[in-house]
Amino acid sequence: MPSARPLRLVAAPHLHGGSAVPQWMLHTVIALLPVTLLAVVLFGLAALATIVVAVLACLLAERACAPRSRLDDGSAMLTGLLLGLSLPPALPLWMVAVGAFIAIGVGKHLFGGLGGPVFHPALVGRVFLQAAFPTAMAQAWVAPLASGRVSELPATSLALPLLSPAAPYEAMSGATPLTALKAGEGSAALADLWLGLVAGSVGETSAVLLLLGGLYLAFKRVIDWRIPTALLGTVAVLSAILHGLDAERHPGMLTALASGGLMLGAWFFATDPGLSPMTRRGAWIYGLAIGALVVLMRQFSGHAEGVVYALLLGSALTPHIDRWTRPRPLPEGVER
Amino acid sequence: MIGQRPAFPGGIKLAMPPRVDADTVVRQMPFAPLLRLPLKQHAGAAPVAVVRAGDEVLRGQLLARAEADTAVPLHAPASGRVLGIGKQSDGAGGTVGVIELAPLPGDTQEPTRGRAFDPDRDDADELLAAIRETGIVGLGGQGEPTHLRLARARQRGTRFLVINGIEGEPGFARVPALLARHGADVLIGARCLGKVLGLRQPVLALEEPDAAAARAMLAESSDRTLPILEVLPPRYPQGAAELLLRTLAGRGIEGCPAFSADQAVVFSLATVAEIGRLLRHGLTMTDQLITLAGDGLREAGNYRVPLGTPVGFALAQAGALAELDRVLVGGPMRGRALGSLDRPMVKGATGFVALAGNQQARLPEAMACIRCGDCVAACPLQLHPAEMGLLARRGEVQAMVDHWHLERCFECGCCAYVCPSHIPLVQMFASAKGQWRRAQASAAEGAA
């Protein structure tokens, strides 16, 4: 019974579980949609423009850096979305684009492209902007639900490169809850913090929506639930202890969990499969380390927010954690 | 449930088709016009042919005598005429003899019968010799002569005889057929093996889907020393003997909390059933029960297939479609794709899969490793497929062996199954192992 066409010589296994990197990227984008929509509602055109420019610039940078790479794997789009969500809404759009090119060009392709990066490309982009344009990054916050947010872009968004800063946007807010806290100006209402009705980066404000998106990813097994669990658990415990010791200086556990980029970082940045340790034990250590670093930097450094640097340091630890938690092969010596 | 935790890490949950009544059906495969019988069908030495071209033989008659200790005899799968003894490649650079046998059309094909054995009457040495004389080898896919494993276990001293009733591959259904049709054979086979090993009560290990059938089989028997049933939650590759022993040793067996894995010996359910069937009727091994599976077959199912039947003939009898995409020896997780369907079925085959497939439906292209670690979590031996994959890509075979235990990998396929980048990890490891073995061999030659 010779087959009418040559038989295909394919190596085993002939089944596949169905998980695929492009699907992971897609699920992550889906998980980020609610918070993205909320950002547009809260911060208006400024947020929309920031996200669109970040995504488009990342795709363009990907094409430029690796002409033959596949845009349809979704990774450049996701980097762009994450970068856009982590920036202040009224940041000049040309800076957003520069950040995107640094993210993809330096953060990703200088490290060998997909699978190569040692640090999260979007964070590399953000940190570059932080270092290069500290004033703009510190002042481009927008108060939520400001009037006129859907009809016009803030003047700062449209500022041209290397010119003196435009006139301050009227709805511009000089402070996020964390910077206010650091300056001793008291805390935002807890409910506003959790719902996201505060000034902050485009996509970091609503802890509730980020939490839901993160749970979706954990449920879909795109991310390892151990990482956010260890990370947020550590932040919760340490904040509670510090608050107990000195309630004046240190915010309470719920405030600490809901403020700044913690939720975005814990669920969407720290869990990047390529940057987090490969073993389950490693995931616990990694989450714990980042959580401790977040509290340490927020409470005992000159910065108001510490998530970005904690994440970067965490991914620098990953190769070491991988080495410490190397799986030990099952002992030999059982008769087969 | 205490003790339900498996004693090996990793593994995967495979979607197994539910058991149906048709799984218990076994159809008889007719004789192909020409049966080709390689002398070496198992691990160890090949037997020596005792027939010549032109000889007429009866079904079950000796074709090749086992001279070396590690050989088993080969018997005629059909009454017919020996056309000749040819040569074929043994796959390792040498050649091996092949007896070509043309079954006589119209013959009754009644098997020749020798002395029947009874585990209650015959002593252990007689039974061990009789098992070897049937020509049986391990039917779980390992192909090791059964008498060798028995003799080793006897010498070592074992406390448990484990009958491995775990199907292993999705789509295969030998276990339900054996439980439903060969209950008596299984029990007698188990008693024969128990007698050889000096053990009273065997352990029958299976996965949940087959538990009801096993209970029904045990309920029908009035045997005093029925096997202890150990039902495990389904998990791949739990059926691999080493992992099964670890699991049982870790969770303990009824009446014995925990034991060391090397205190037990494993035989597959198919082997045990066949030993029982052959010994109690005084038969020799002339055929075996295999599953023919896959969407390329209109009549997929269990078949009793004469040894030496060409794979193509067997598939045609099972209603193979005219266009097949690939044919696998073994199941979809570990099966090797065949380039030609002329090869004969040899002892120890568990089944074949014929996939209709779609020429267009290709696997997604492999992407770069993103170091997600899913393969590390899936590896049942806790090796490090990701690190080995990166090394394999750079051709660093020695490092794979030295630091990551490449040689332990038994190619279960879990890592490639879960890889989100579709990296052909198993294929890379298999070829690295081949390279390493060749390097070892040439180093040994150089030293000699």
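These numbers were taken from a predicted model, which means no experiment stands behind them. Residue numbers start from 1 in every chain, and the chains themselves are labelled A, B, ... in the order their sequence lines are given, proteins ahead of strands.
Taking CH2 of A/W24 as the reference point, atom CG of A/L217 lies at 11.0 Å (rounded to 0.5 Å). Distance CG/A/L231 to CG/A/L311: 7.0 Å, rounded to 0.5 Å. Note that the CG atom of A/L232 and the CD1 atom of A/I227 stand 11.5 Å from one another [nearest 0.5 Å].
Interface remark: B/P170 contributes side-chain atoms only to the contact with chain A (heavy atom separation under 4.5 Å). With a 4.5 angstrom heavy-atom cutoff, A/R326 touches chain B only via side-chain atoms. Neither the backbone nor the side chain of A/D272 comes within contact range of chain B; no heavy atom of the residue lies under 4.5 Å from a heavy atom of that chain. Contact of B/D342 with chain A is not made at all, since no heavy-atom distance falls under 4.5 Å. In this structure, the portion of B/A386 lying under 4.5 Å from any heavy atom of chain A is its side chain and not its backbone. Proximity to chain B is absent for every atom of A/S75, based on heavy atoms less than 4.5 angstrom apart. Interface remark: B/V418 contributes backbone atoms only to the contact with chain A (heavy atom separation under 4.5 Å).
Residues B/R334 and B/Y236 meet the side-chain proximity criterion, which asks for heavy atoms closer than 4.5 Å.
No donor-acceptor pair under 3.5 Å is formed between the side chain of B/Q263 and the backbone N or O of B/F160. Using a distance-only test at 3.5 Å, with no hydrogens or angles considered, no donor-acceptor pair links the side chain of A/R281 to the main chain of A/I321.
Note: B/C419 leads B/A368, B/A15, B/A377, B/C419 in heavy-atom pairs under 4.5 Å with chain A. Here B/M367 is the residue among B/R336, B/K13, B/M367, B/E387 with the most heavy-atom pairs under 4.5 Å with chain A. When B/L244, B/L328, B/I12 are compared by the number of non-hydrogen pairs under 4.5 Å with chain A, B/L328 comes out ahead. Note on B/G339, B/A354, B/A430, B/C375: by heavy-atom pairs under 4.5 Å with chain A, the leading option is B/G339. Here A/M278 is the residue among A/R221, A/M278, A/R328 with the most heavy-atom pairs under 4.5 Å with chain B. When the candidates A/A11, A/G274, A/P327 are compared by the number of heavy-atom contacts under 4.5 Å with chain B, A/P327 comes out ahead. Of the listed residues (A/G282, A/A20, A/P117), the greatest number of heavy-atom pairs within a distance under 4.5 Å of chain B belongs to A/A20.
The shortest heavy-atom contact between A/A100 and A/A61 is O-CB, 4.4 Å.
The neighbour count for A/R280 CZ, taken as heavy atoms of other residues, nucleotides or ligands under 6.0 Å away, does not exceed 12. Around the CZ atom of A/R63, the shell of radius 6.0 Å holds more than 12 heavy atoms that belong to other residues, nucleotides or ligands.
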